[in-house]
Amino acid sequence: NRERVNAIHEAGLDSMTWFRGPHNMKRDIDYFSDVEDEDEALYGMVALSGVQAMCVNRPERLYRMVSNMDSSLSGSDESYDVSTGSEDEGNSD
């Protein structure tokens, strides 16, 4: 969570999150229902924790999420909600 990541950074350490690889995910599928749901919404939740790096199994999804965030920050008409991994067209104001 954000508090733990902040404490890590305050201690002068770097932070990274690592997602289990497909081999280990197959073993986990009997215990967790969302093992294969490594998507932009999940990456967004992790990014909001403040980690500095992510080692993921679906880099194209992380790239798409970051690219969409960059677009919204550069003044594009699209906004990107990092917590849900979704794009919203236009401004709702």
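All heavy atoms count here, side chains included; hydrogens, waters and symmetry mates do not.
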Colleague: On a heavy-atom basis, which atom in Ala47 and which in Met65 lie closest, and how many Å separate them?
Modeller: CB-CE, 4.5 Å
Colleague: List the steps and the verdict of salt bridge (charged side-chain N to carboxylate O under 4.0 Å, His left out) for Glu40 and Arg64.
Modeller: CA-CA 8 Å; Glu40 290 92 342; Arg64 183 173 50 235; 2.4 Å; yes
Colleague: Could you walk me through whether Arg58 and Asp39 satisfy the side-chain contact (heavy atoms from CB on, under 4.5 Å) test, starting with their C-alpha distance in whole Å, then the side-chain angles of each, then the deciding distance to 0.1 Å, before giving a yes or no?
Modeller: CA-CA 8 Å; Arg58 306 274 192 248; Asp39 59 10; over 6 Å; no
Colleague: So, for Val46 and Met54, which heavy atoms are closest and what is the spacing to 0.1 Å?
Modeller: CG1-SD, 3.7 Å
Colleague: Please give me the minimum heavy-atom distance between Glu38 and Leu42, naming the atom from each residue.
Modeller: CA-CD2, 4.0 Å
Colleague: Taking a hydrophobic cluster as the set of Ile, Leu, Val, Met, Phe, Trp and Tyr residues connected by side-chain heavy atoms closer than 4.5 Å, whether directly or through intermediates, do Trp18 and Val5 fall within one such cluster?
Modeller: no
Colleague: Grab the two heavy atoms, one from Met16 and one from Cys55, that are nearest each other, plus how far apart they are.
Modeller: CE-CB, 4.3 Å
Colleague: On a heavy-atom basis, which atom in Gln52 and which in Ser15 lie closest, and how many Å separate them?
Modeller: OE1-N, 2.8 Å
Colleague: Counting only N and O atoms by type, is there a donor-acceptor contact under 3.5 Å from the side chain of Asn1 to the main-chain atoms of Ser49?
Modeller: no
Colleague: Hey, any chance Val51 and Ile8 share a hydrophobic cluster, counting ILVMFWY side chains that come within less than 4.5 Å of each other, even indirectly?
Modeller: no
Colleague: Using the side-chain hydrogen bond (donor to acceptor under 3.5 Å, both in side chains) criterion, which residues pair with Thr17? Sequence neighbours excluded.
Modeller: none
Colleague: Supply the atom-to-atom distance His9 NE2 to Asp14 CG, rounded to the nearest 0.5 angstrom.
Modeller: 7.0 Å
Colleague: Is the Tyr63-Tyr43 ring centre distance short of 6.0 angstrom?
Modeller: no
